[in-house]
Amino acid sequence: MTLRHIALLLLSLLVMALFLASLLIGPAALGLKQSVMALLAGEGGPVALVMQEIRLPRALLGLLVGAVLGLSGAAMQGFLRNPLAEPGLVGVSSSAALGAVLSLQTGLAASFALALPLSALAGAALAVLLVLVMAGPRGGALSLILAGIAISALAGALTSLVLNLSPNPFAVMEIVYWMMGSLADRSMTHVWLALPFMAIGCGLLLATGRGLDALTLGEDAARSMGVDLARLRLLIVLGTASAVGASVAVAGAVGFVGLVMPHLLRPLVGGRPSHLLPAAALGGAAMVLTADIAVRLIAPDQDLKLGVLTALVGAPFFLHLLWRMRGLEA
């Protein structure tokens, strides 16, 4: 068994353990046997309600959100051949956030339970359409990056404008809290809403493994090996938009997962993108599940936000990465 297979096995076991821990850890002091029985066979009652309607959706979303962010980050880094690439680079995250912010500001989210995630998905869909149009049918990595930066900047500016002109301070507070990212107070409805988009996105991204492997040799070499770069770019953009847009729709902005995990796992599974993609998905799931457990343990009464904690962990790693790159260039 190779180091890569051992790493994948250990990551799988870690994700399973963290998923179980996410189900068992919470403000309600429930025993292991009581929790499992309530989850599997509970019918009504407070314990079954806690397990089936509060902890299970939160654990599932932590698993799904982390997996799609890690997978998207590895795919974007492989396609752009840039170690600083991350899923939000194509503007999907900021545009999805703008859609959610508009639903909160207009009061649509208060009148319709699924208005917020649906608005976020609509924002992500609009972003990917604009990016593809601006980058052109045969645009390369540079045009994709520039289009994504432009869309992201515009969406960020519009979000700031909404906050700036909002006459309702309560709506502003709700928007700010939502943009920090969280898995609290989510239901199985959110899981079923996001799951199809995440599944489609993951399927598209995993299908790019062979093309990304060839692209590591350069665009000319990839073309000579029969890789359609335009199709590869389309799969990457659509897969990232579908997966990350659904993630933002149900969890808000959870940053740095897609940037950090590929770098941490590349020494273990190797530099081939086809090997890194599944490992990054497992690593991302482990990171988000760990962070979500941590926010419940560190400040259970203060509602510490998931996105704040991942940023506190990811930002120093980002600075360390830049420092290492500076040392290599010196």
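- One hydrophobic cluster, built from ILVMFWY side chains closer than 4.5 Å, holds both V65 and Y177.
- R296 and I25 get closest at one heavy-atom pair: NH1-O, 2.7 Å.
- When L276, L268, V269 are each tested for a side chain to side chain contact (heavy atoms under 4.5 Å, CB included) with R4, only one passes: V269.
- Hydrophobic clustering (ILVMFWY, side-chain heavy atoms < 4.5 Å, transitive): L108 and L193 are in distinct clusters.
- Heavy-atom minimum distance, V92 versus G245: CG1-N, 3.8 Å.
- Nearest heavy-atom pair across S95 and I151 is OG-CG2, 3.5 Å.
- Residue pairs meeting the side chain to side chain donor-acceptor pair (under 3.5 Å) criterion with at least one member in residues 97-106, sequence neighbours excluded, are Q105-S166.
- Judged as a salt bridge (Lys or Arg N to Asp or Glu O under 4.0 Å), the pairs with a partner in residues 76-87 (not counting sequence neighbours) are, in order, R81-E219.
- Here the closest non-hydrogen pair linking L23 and A59 is CD2-CB, 3.9 Å.
- Formation of a donor-acceptor pair under 3.5 Å by the D213 side chain with backbone atoms of R272 is not found in this model.
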CA sep, side-chain torsions, deciding dist, call: T240, S72, side-chain hydrogen bond (donor to acceptor under 3.5 Å, both in side chains): CA-CA 6 Å; T240 301; S72 301; 4.5 Å; no
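- The two residues S12 and L282 make their nearest non-hydrogen contact at OG-CD1, 3.5 Å.
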